[in-house]
Amino acid sequence: MKPDESKNNSNSLDKEKSVILKIDPDNGSIIDANQAAEKFYGMKLEALKEKKLSDLQPQNSTEKNLSHVALTTDDNVNFKELFDIDELQKLQDDFANAFHVASVITMPDGTPITEPTNFTNLCIKIIRKTEKGLANCYKSDATLGRYHPSGPVVAPCLSCGLWDAGASISIGGKHAASWLIGQVRDATQSEEQMREYACGIGADEEMFIEAFNQVPAMKRENFDQIAQLLFTFANQLSEVAYQNTLKSRYIAERQQAEAERERLMIAVEQAAEIFVITDPEANIQYVNPAFEEATGYSHKETIGQNPRILKSGVQDDAFYRELWDTLTAGKTWKGRFVNKRKDDSFYTEEAIISPVHDSKGEIIHYTAVKRDITEDLRKSEMLAQSQKMQSIGRLAGGVAHDFNNMLNVIMGHTELAREYLSADNPMRANLDEVLKAAQRSANLTRQLLGFARKQTIIPKHLNLNDTIKSMITMLEHLIGENIRLVWKPGELKQILIDPVQIDQLLANLVVNARDAIKNENGIITIETGSVRLNEEYCKAYGDCFAGDYLMLAVSDNGCGMDEETKENIFDPFFTTKDVGEGTGLGLATVYGIVKQNKGFINTYSELNLGTTFKIYFPLLVEEQDYIELIDTQNIQPIIGRETILIVEDEEAILNMTADILSNQGYTVLTALTPGKAFKLAAENSEKIALLLTDVIMPEMNGHKLADKLKLICPNMKIIFMSGYTADIIEQQGVLEENVKFLQKPFLNNVLSEAIRKVLDE
C-alpha cells in the first residue's frame, strides 16, 4: 500500500463512528484502525499496528471459545463466548462508578451476563419484593432491553421516579445482548411523590424513602449524555464481537482445512499406491512410504531428484516424448513403466500422472499415482502357464488314449500276420519293422499319458532314498563314463507314490542333464532332503501350500537355459535337441508325474552355468499327539446326548459350532468369554461332559481356563482348538503333551468324530 493510499484509507475509516480494525487474514496482525478504535483500546494507531487481533482479547476466554463459535450460525452465537466475562465485568463496573449509575449486561431475554453494579437496594430489596413492583420491573426491563440499533432507550422506571437506559449489542445485525444503566433519580422529584410511589406499589414507605435517598440525583440532560455514551460503548462492543466472530470463522475454516489436509496426508502416507509430486521441472518434491518400499530409495535420497533415477532403459525416448507432450498439454497420462529399483532390479508399475494448475491455469505441479504390478503380472503369467499346461494335458491325454487303442489294433494284427509267414519269408522282416515302430509309438503315448496324469498308477509307501539307491547303477550306465554321478541322500520320511513313476522321473531328469553337458568334467548331482515351506515362499511361487515336503533335486553343470527356453521346457514335444535326438516328452512326463502326486517343481538355470530341477512332494501326515484332521466323508451322522460347553471369543465360530453340535443332539452351552464360562460351569457343574475351548483368548488362554474349570467340573473332558498351528501353540507353552487338539478350520464331520471319540474314551 502506498503512503497516500494509506492516508486516504485511514481518513475513510475515521468517518465511521464505530470501532473498525483492518486485519491481515494470514497472520491476524492489525493493518489499520480508525480513531474510534484508538479511543476504545486506549492506544495510538502505531501501537495498534504492532499488535495482532488476538493481543487485544483476553487469551484465556476468547481463543478458548473461538472454535465453538465458528461452528455456529450468527443466530446461535453465544455472546458469553466472545468475551472474557471478568474483563467485561470490570468495564461495566468502571463505567458505572465513573458516572454514578447502576449497570448490568443481560442476554436479550433478560438473563444476566454480568453482576449488577451500584445502587441496587431500592430495586432488588424493596420494589421487586412487591407483586406490583415486580410486574412493573419486568415491563421496564422489556422496554430497556429491546433491540434499538439507532440509539439508546431512555425511560423512567414504572415503579418510582428513577431514570433507566439501555443500549443494544449486536453481532452482524443480530441482537446479542443489552447493556442497561439506571437507578438515577430525577432531581425534580419530591419526597412526597416518592411516598406516593411507595404506597402505590405496596412497599414500606420509610424503607423506600431511606433507600431512595441513597440513589444519586441527576439532571435529565446529564443522564441522556451518559446514555448516549453507553450507546457508543455498546456499538464498540458490537464491533469487537463481530470481529471476534469473523476471526473465529477464519480460524475454524483454516483448522478445518488443516484437518482435511492432515486426513488426506494420513491416507496418502498409509496408502498401498505410490504417490509422487514434482515441480513443473519434474524435480521430486514428495514421495510417500509406498514409493520407498517399491523403489528402495529413501525419502531423503529422493527429494530434489528427477524421476529418471528410476529409468530402466526398457522404454525408448519416443515413449517419454509422448508422455511429456501429453502432460505439458495439460492432459492426464496413463500407462505402464518398467522401472529400476535402487538395487538395479526391475519392476513394473501402472501410473496415472496429472498436471496441477493454479488459478491462472499455469502448471505448478505434477502428481503421479502409481501401483507396483510386478507381482500381479507374475501371478497372471503363472496362471496362464498353468492353464496352458492343463489344456495341453487334456489334449495330450485324449490323443494318447485314442492313439493307444489304434496302436493295439496295429500291433495285434501285425503279430497275427507274422504267424502266417514262414521264417524265411522276406515279408517277416517288414512286419518286424512295423511292430518295432508301433512299440516305439506306444512308449510315446505312455509318456503323453504320464504328462496328462492319466496313466494307471499304484502308489506305495516308500523311502525315496532306498528307491534312488537301487537305481544308481542303472543311472550311471545311462549317463556314461565321462560324467560323474554324485548321490547326496538327506534324512527323509516316507512318501506315497508309485515306484515306477520315480524310475520314470529320475531317468528323464538324468538323461536331460546328460544331454546338457558338453564338457569333459560333467557332474550330475542327485540329492534329497526334508523342507518346511512357509506362506511367504508359497506366495512367491504360487504353486504350492505351506507345509512339510520331501525335496528331490537333480543338478548338472551343463550349458544351462535362457529365459525363453525355461518358459517352454515342460510343453510336450518342445525340445532344443536336433531332429531324431529327442521327442520333447521327457520333461513333460516329469511335470505330469509331479502334479499327479500333488507336488510342484521349480527350475533354476543360467546360460553356461548349469541347471537344477527341484521337486517337492508333500510328506505323509503322521499320527500326532493331538486329534488328526482327516477326511471323514463316509462317516455316518454322529448323535450325542451329553452337555458340551463351548468357549470361543469369535462369535461367528461360536454360533456355527453350537449349531453343528445342537443338530446332532448335544445340549450346548456357549460363552464368548472365560468369565461367562465360569458362570455357566457353576450353574451346570454336574451336567457338563466336555469343554471345547479356543486356546488364545483375551482374558486368559484356554489351558488356564480348562485348569480352573476342572475344579468346578472334575469329570469334564477337554478339547482345545485354535487357528494357530499346534507346534506354535506348543512353543508358547500353552498346551501340554497328549492333549486333544483341533486345528481350525475343520470340517463338520471332523469335529463330530473328534468329540465323539473323546467322550467315548
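No experiment lies behind these values; they were computed from the predicted model shown.
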Point-to-point distance, once rounded to the nearest 0.5 Å, from [atom1] of [X] to [atom2] of [Y]:
X    : Y    : atom1 : atom2 : result
I646 : L669 : CD1   : CG    : 8.5 Å
I303 : N283 : CD1   : CG    : 10.5 Å
T332 : I352 : OG1   : CD1   : 8.0 Å
I712 : E686 : CD1   : CD    : 12.0 Å
R220 : F223 : CZ    : CZ    : 8.5 Å
N701 : D707 : CG    : CG    : 8.5 Å

Donor-acceptor pair, side chain of [X] and main chain of [Y], under 3.5 angstrom:
X    : Y    : result
T111 : M107 : no
S103 : A96  : no
T114 : I85  : no
S238 : S170 : yes
N222 : M218 : no
N288 : F275 : yes
N684 : K687 : no
T130 : I126 : no
H175 : A177 : yes

Heavy-atom check, side chain of [X] versus side chain of [Y], under 4.5 Å:
X    : Y    : value
M721 : T693 : no
I284 : V276 : yes
S178 : T106 : yes
L645 : L692 : no
N118 : Q183 : no
I105 : L180 : no
I364 : D358 : yes
L327 : I353 : yes

Pair [X] + [Y], salt bridge at N-O below 4.0 Å:
X    : Y    : answer
E206 : R195 : yes
D86  : K90  : no
E273 : R371 : no

If you count the non-hydrogen atoms of other residues, nucleotides and ligands that lie under 6.0 Å from [atom1] in [X], is the total more than 12?
X    : atom1 : result
E210 : CD    : no
E683 : CD    : yes
Q285 : CD    : yes
K334 : NZ    : no
E205 : CD    : yes

Shortest non-hydrogen contact from [X] to [Y]?
X    : Y    : result
L230 : A165 : CD2-O, 4.4 Å
A351 : K370 : CB-CG, 3.4 Å
V668 : T670 : CG1-CG2, 3.9 Å
V647 : A677 : CG2-CB, 3.6 Å
A234 : A167 : CB-CB, 3.7 Å
K331 : P355 : O-CD, 3.3 Å

Self-check item: Between Q89 and D93, a side-chain donor and acceptor under 3.5 Å
Solution: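 A donor-acceptor contact under 3.5 Å links the two side chains.
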
Self-check item: Distance-only polar pair, side chains of H299 and E292, donor-acceptor under 3.5 Å
Solution: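 Checked: H299/E292 side chains show no N/O donor-acceptor pair below 3.5 Å.
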
Practice problem: List for me each residue that meets ring pair (Phe, Tyr, Trp, His ring centres under 6.0 Å) alongside Y366, sequence neighbours excluded, and say none if there are none. | Solution: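 If we apply the ring pair (Phe, Tyr, Trp, His ring centres under 6.0 Å) test to Y366, skipping adjacent residues, the hits are W324.
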
Self-check item: With Y286 via ring pair (Phe, Tyr, Trp, His ring centres under 6.0 Å) - residues at least two apart
Solution: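 If we apply the ring pair (Phe, Tyr, Trp, His ring centres under 6.0 Å) test to Y286, skipping adjacent residues, there are no hits.
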
Practice problem: For M700, check side-chain contact (heavy atoms from CB on, under 4.5 Å) against everything at least two apart and list the hits. | Solution: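 If we apply the side-chain contact (heavy atoms from CB on, under 4.5 Å) test to M700, skipping adjacent residues, the hits are P674, F678, K704, L705, K708.
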
Exercise. Could you go through the side chain to side chain contact (heavy atoms under 4.5 Å, CB included) check for L661 and N663 one step at a time?
Key: CA-CA 5 Å; L661 298 180; N663 291 338; over 6 Å; no

Quiz item: Between L672 and E651, is a side chain to side chain contact (heavy atoms under 4.5 Å, CB included) present by the stated rule, with each step listed?
Solution: CA-CA 7 Å; L672 277 168; E651 188 171 5; 3.9 Å; yes

Exercise. Show your reasoning for whether side chain to side chain contact (heavy atoms under 4.5 Å, CB included) applies to I181 and F99.
Key: CA-CA 10 Å; I181 62 170; F99 296 105; over 6 Å; no

Quiz item: What's the verdict on ring pair (Phe, Tyr, Trp, His ring centres under 6.0 Å) for F95 and W179, showing C-alpha distance, side-chain angles and the deciding distance?
Solution: CA-CA 11 Å; F95 185 93; W179 192 348; 5.3 Å; yes

Quiz prompt | Verdict with reasoning, I201 to I127, per side chain to side chain contact (heavy atoms under 4.5 Å, CB included) | solution = CA-CA 8 Å; I201 64 173; I127 297 174; 4.2 Å; yes

